[in-house]
Amino acid sequence: MALSVSSLASAFSHLALPSTSTSAPHPPPLLRLLPSPRRAARLVLLAASAADAPEPVEAPAADEGPEEVLAVEAEEDALVGLALRKYVKQRLPGGFAAQRITATGRRKTASARVVLQEGSGKVFINFRDAKEYLQGNPMWMEYCKVPLATLGFENNYDVFVKVQGGGLSGQAQAICLGVARALLKISPANRVPLRSEGLLTRDTRIVERKKAGLRKARKRPQFSKR
């Protein structure tokens, strides 16, 4: 059966799209904007895990490896050593031989040249701090300060030492004798308390030399009669 043009126009009139210039587009349905229940639960879990996650820690740069850190520390130590050497040279114009209060101490094969100057009780050995040079050994550190402590001058003088030969133990005892002898040049009255403590006596004990045919100074091979 045939339909007229007017009936077709009236049937499709409600399907005609409005002009874009006269009205705004229709908003999308509300149901499409809401997520499904499964997707909503997943979003809630993701948000909670993101809130509980720890803050990211910045990784060290690639150029800051162990070798680079050691190189930087060595450079800082070198700068400290150079600065300390410069400080000691400024305090000792003309070198050790040009100073007024000097003395020499010996022990075993170690020889120490000691210089005393008014200061706050610092000790420098071979242009280095005494604690660093003596490896932090409290007994060896005590050897350097015993003569000053005996007279109550541990905070009145700075000690500058140039030592060579022997080991650290012998060098520390040589410094002790050198400091005691230098204190005699400050005042002859210091002899009595230093002598009573035995700080002015040169310890002449040395290692006995090895003999031919023996294993050590006196140790010999086992004797066999047959």
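Formation of a donor-acceptor pair under 3.5 Å by the Asp158 side chain with backbone atoms of Lys122 is found in this model. Side chain of Glu197 to backbone of Thr150: no donor-acceptor contact under 3.5 angstrom is found. A distance-only check finds no donor-acceptor pair linking the side chain of Lys145 to the backbone of Ala149 [under 3.5 Å]. For the pair Gln135 (side chain) and Lys131 (backbone), a donor-acceptor distance under 3.5 Å is absent. Of the possible donor and acceptor atoms, one in the side chain of Gln171 sits under 3.5 Å from a partner among the backbone N and O of Gly165. A donor-acceptor pair under 3.5 Å is absent between the side-chain atoms of Lys108 and the main chain of Val207, judged by distance alone. Judged by distance alone, the side chain of Asn190 and the main-chain N or O of Leu184 form no donor-acceptor pair under 3.5 Å.
Residues Leu200 and Val146 fall within the same hydrophobic cluster, defined by Ile, Leu, Val, Met, Phe, Trp and Tyr side chains chained together at heavy-atom separations under 4.5 Å. With hydrophobic clusters built from ILVMFWY side chains whose heavy atoms lie under 4.5 angstrom apart, Val163 shares a cluster with Leu199. Hydrophobic clustering of Ile, Leu, Val, Met, Phe, Trp and Tyr side chains at less than 4.5 Å, counting indirect connections, unites Val179 with Tyr157. Note: the hydrophobic cluster containing Ile125 also contains Leu168 (ILVMFWY, side chain heavy atoms under 4.5 Å, direct or indirect links).
Across Arg85, Gln90, Arg91, a single residue satisfies side chain to side chain donor-acceptor pair (under 3.5 Å) together with Tyr87, and that is Arg91.
For the pair Arg128 and Tyr133, the cation-pi test (distance below 6.0 Å, angle within 45°) is failed.
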Output, in order, the C-alpha distance, side-chain angles, deciding distance and verdict of side chain to side chain contact (heavy atoms under 4.5 Å, CB included) for Leu84 and Phe124.
CA-CA 9 Å; Leu84 190 58; Phe124 303 96; 3.4 Å; yes
Can you check side chain to side chain contact (heavy atoms under 4.5 Å, CB included) on Val123 and Met141, steps first, answer last?
CA-CA 9 Å; Val123 181; Met141 289 290 298; 5.8 Å; no
Could you give me the CA-CA distance, side-chain angles and deciding distance for Ile206 and Thr109, then say whether side chain to side chain contact (heavy atoms under 4.5 Å, CB included) is met?
CA-CA 8 Å; Ile206 60 174; Thr109 59; 5.9 Å; no
Set out, in order, the CA-CA distance, both residues' side-chain angles and the distance that settles side chain to side chain contact (heavy atoms under 4.5 Å, CB included) for Lys211 and Arg220, then state yes or no.
CA-CA 10 Å; Lys211 282 79 175 180; Arg220 63 181 65 248; over 6 Å; no
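Using a 4.0 Å cut-off between charged nitrogen and carboxylate oxygen, Arg205 and Asp203 count as a salt-bridge pair.
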